[in-house]
Amino acid sequence: MVLKVFFPSCCSSAESGILIGRWISEQNSAVILAVVHFPFIPVQVKRYLSEVQRVTKVSVSVLGSWSNSKQEKEESLSEFLEDLGTIFSHEPWIQISKEGNSKFWSCSTLQKHSDSPKEEEIILVYYDQRKVMLSHLHPPLDTAPCPDHKADDASKLSAIFDTVAKSKILFMTDRYDDGPIKLTHWQSDGVEASIIVELMKQASVPACMLLTFLLSLISGICRSRVLKFWPLSFLWSKLSTCEQLGHRLQHLQVVSSNKKAQNQTQLMRKANIFVSLLIDVALGILLMSWLYRKNRIGHLADTLIPVADHVAEELQDLLQWLMGAPAGLKMNRALDQVLGRFFLYHIHLWISYIHLMSPFIEMILWYVGLSSCLGLTVALCILSDIIALLTFHIYCFYVYGARLYCLKIYGLSSLWRLFRGKKWNVLRQRVDSCSYDLDQLFIGTLLFTILLFLLPTTALYYLVFTLLRLLVVIVQGLIHLLVDLINSLPLYSIILRLCRSYRLAAGVKFRVLEQQDGKPLRLLMQINPLSYGSVVQTYRLPTYSCYPKDSWTSLCKKLFLGELIYPWKHKGEKQD
């Protein structure tokens with residue numbers, strides 16, 4: 001049977017003493033955590049280990065002895081170390097000795113209470129204790145069922161990582177402590193700490209309390225009855241800027257919460273939200289500083305009115321083309337003129353509205369630019385809402401054309417069922433047989449003929465304005481994709497993967513150090529980091545979406561039947 005001993009590489013130069021760690025009987029493995037040096041009193045060691053075991057819930061015990069012959073050259077030391085096995089009585093008793101400057105170590109086991117001791121093959125695995133303790137082992141992300149042996153390997157690795165991570169209190173003592181027990185581990189030369197980090201921790205407490213109070217005040221105002229009345233409730237549910245502000249408000253509440261993270265996932269989520277907020281605000285301030293330099297706000301306001309006039313002129317030319325013989329098609333003259341004049345009148349109203357607002361455009365843009373200090377995502381959402389307001393006439397044209405086209409499509413389908421002696425049963429949601437008299441058939445034939453010959457004119461207007469609406473939706477969709485990317489991208493996890501890849505572990509790999517007959521096989525355990533794709537998939541932040549996520553089939557069906565695409569809907573409303 002193979003005995004695996006996981007030995008911390010930081011203890012390879014430690015003075016002689018006893019090995020403390022955890023014995024994992026299911027794996028026939030020993031995880032060495034530290035070395036206790038001489039002199040010590042066994043009773044004090046047992047009391048100390050029982051206290052560590054009570055706090056960490058890890059069964060820490062004395063597993064064996066460690067002899068560094070470079071430090072100790074007395075022949076009686078080996079016999080003394082063997083006698084320690086009778087005091088601490090652990091089976092098997094592991095003996096590891098470093099033979100001077102030799103690169104080969106000797107490792108053996110003693111089983112005094114066994115009648116027929118078996119010779120075991122020993123594998124000595126070195127591991128970086130600091131990296132293993134600070135890393136978080138992630139389960140495989142494959143959705144397919146993995147083989148049993150892979151699941152067993154993952155559980156074995158998890159047991160080793162958890163043992164080191166939960167024994168953090170064991171590593172909080174260094175050689176400068178005045179306690180009766182001296183340990184060697186990865187922090188034995190001094191506990192890692194940062195004055196800046198400690199000062200930030202102390203300063204974050206009052207800052208979080210103040211932020212929590214302000215956020216509770218803002219949340220109370222948002223939940224007040226004033227915002228539930230129309231039109232404030234309508235604007236809050238329709239404008240993407242309000243949605244983004246509510247989303248960021250939830251993020252601030254998570255970050256400023258005084259509840260301690262229960263696990264690694266919650267801790268990483270808080271860190272990702274905090275870094276996302278910082279970078280979002282930093283990019284927003286850079287955008288604001290760029291806008292207010294060299295009077296770019298004034299230039300933008302001076303450009304906006306001519307662009308709106310140019311778009312209106314192009315729409316007028318398009319409508320004049322549709323009112324003639326577009327692409328040589330013969331349209332219904334009366335309906336064509338009615339629809340064309342109707343839409344031309346809307347464009348005239350829109351131009352008048354734009355010129356009425358032109359003296360206030362620069363002031364509006366100046367105050368809108370100040371909102372960039374709330375974050376780049378807020379500025380992008382305001383841009384999306386401005387585009388929606390500037391293209392509101394195109395949206396109206398699309399809605400008029402879609403409703404008229406949809407009315408004719410459903411009318412033709414209903415009259416087509418009349419010809420076949422069928423009708424739509426509203427109560428049972430199915431098509432049933434029905435008998436019609438001569439007058440009903442005559443009226444149905446007359447209406448079907450009228451709708452059929454008027455359909456091409458209506459369909460052409462619907463097609464043109466649907467293409468314009470799709471163009472606006474694509475531009476707004478790209479803006480919202482960028483907003484969702486900034487909101488959901490786990491920036492802290494990506495930076496952690498880039499700078500300290502061992503913190504996000506996907507598994508381990510073993511490298512053979514030395515192999516010789518009669519000596520234990522020596523391996524070096526190295527951490528395999530998560531791939532960047534797995535980091536994004538694991539720690540991606542939840543976000544919101546302003547639009548329903550239709551499939552291509554559903555989208556094409558809506559376009560063919562004349563149903564509205566990407567309508568304004570309340571967040572969380574059930575989609576068809």
Side-chain angles (χ1 to χ4, degrees), residues 194 196-197 199-223 236 239-292 367-385 479-500 503-504 532 535-546 571:
S194 172
I196 298 177
V197 172
L199 291 176
M200 289 179 63
K201 287 181 179 180
Q202 297 295 328
S204 64
V205 176
C208 286
M209 292 177 63
L210 178 61
L211 187 59
T212 303
F213 172 74
L214 294 177
L215 290 176
S216 61
L217 185 62
I218 296 173
S219 300
I221 295 174
C222 294
R223 288 193 297 266
W236 183 265
L239 295 180
S240 58
T241 304
C242 298
E243 295 284 352
Q244 177 63 21
L245 288 174
H247 189 65
R248 283 307 190 191
L249 184 61
Q250 293 177 359
H251 281 177
L252 285 173
Q253 289 175 343
V254 172
V255 171
S256 61
S257 175
N258 54 5
K259 289 182 61 178
K260 188 177 181 181
Q262 300 296 324
N263 48 41
Q264 178 73 12
T265 304
Q266 294 182 4
L267 180 63
M268 293 294 290
R269 181 171 180 265
K270 275 192 171 185
N272 284 321
I273 290 175
F274 181 71
V275 174
S276 177
L277 283 170
L278 284 182
I279 294 180
D280 187 20
V281 172
L283 292 176
I285 293 175
L286 287 177
L287 175 63
M288 184 176 66
S289 64
W290 180 82
L291 285 175
Y292 287 96
Y367 285 107
V368 166
L370 290 178
S371 65
S372 300
C373 64
L374 299 177
L376 179 63
T377 54
V378 175
L380 290 174
C381 287
I382 292 176
L383 176 62
S384 176
D385 291 333
I479 293 175
H480 283 287
L481 280 178
L482 182 57
V483 172
D484 287 347
L485 179 65
I486 298 175
N487 283 335
S488 63
L489 198 62
L491 296 173
Y492 175 77
S493 301
I494 294 175
I495 295 173
L496 197 64
R497 169 62 179 85
L498 182 64
C499 300
R500 295 186 177 183
R503 294 286 298 271
L504 305 175
Y532 285 98
V535 170
V536 174
Q537 184 178 354
T538 304
Y539 293 107
R540 184 180 180 184
L541 297 172
T543 182
Y544 73 98
S545 180
C546 295
K571 187 176 71 170

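This structure is a prediction, so every number in the text was calculated from the model and none was measured. Residue numbers count from 1 along this sequence. The figures here come from the full heavy-atom set of this structure, side chains too, leaving out hydrogens, waters and symmetry mates.
- Proximity of a side-chain donor or acceptor of Tyr539 to a complementary backbone N or O of Ile494 within less than 3.5 Å is not detected.
- Remark: Trp290 CH2 to Ser372 OG distance equals 10.5 Å, nearest 0.5 Å.
- Rounding to the nearest 0.5 angstrom, the gap separating the CG atom in Leu277 from the CG atom in Leu491 is 10.5 Å.
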Could you go through Leu541 and Asn487, starting from their C-alpha distance and side-chain angles, then the distance that decides it, and tell me whether this counts as side-chain contact (heavy atoms from CB on, under 4.5 Å)? CA-CA 7 Å; Leu541 297 172; Asn487 283 335; over 6 Å; no
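- Of all heavy-atom pairs between Leu370 and Tyr292, the closest is N-OH, 3.1 Å.
- Each of Thr538, Ile273, Leu504 was evaluated against Met268; a single residue qualifies, Leu504, per the side-chain contact (heavy atoms from CB on, under 4.5 Å) test.
- Residues Leu485 and Leu481 fail the side-chain proximity criterion, which asks for heavy atoms closer than 4.5 Å.
- Leu380 contributes atom CG, which lies 11.0 Å from atom CG of Asp385 (distance to the nearest 0.5 angstrom).
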Show your working on side-chain contact (heavy atoms from CB on, under 4.5 Å) between Ser276 and His251 and close with a plain yes or no. CA-CA 10 Å; Ser276 177; His251 281 177; 5.6 Å; no
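- A side-chain contact (heavy atoms from CB on, under 4.5 Å) with Tyr492 is found for one member of Leu496, Ile495, Leu489 and no other, namely Leu496.
- Atoms CG and CG, from Leu286 and Leu376 in turn, are 9.5 Å apart once rounded to the nearest 0.5 Å.
- For His480 against Ser240, the heavy-atom pair with the smallest separation is CE1-CB, 3.3 Å.
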side-chain contact (heavy atoms from CB on, under 4.5 Å) between Leu291 and Leu287: does it pass, once the steps are laid out? CA-CA 6 Å; Leu291 285 175; Leu287 175 63; 4.2 Å; yes
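- The side chain to side chain donor-acceptor pair (under 3.5 Å) test applied to Thr377 returns Gln244, Asp280, not counting sequence neighbours.
- Sorted by first then second residue, the side chain to side chain donor-acceptor pair (under 3.5 Å) pairs that include residues 261-272, not counting sequence neighbours, are Asn272-Ser493.
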Does the side-chain contact (heavy atoms from CB on, under 4.5 Å) test come out yes or no for Glu243 and Cys381, once each step is laid out? CA-CA 9 Å; Glu243 295 284 352; Cys381 287; over 6 Å; no
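- One finds the CD1 atom of Ile479 at 12.0 Å from the CD1 atom of Ile382 (value rounded to the nearest 0.5 Å).
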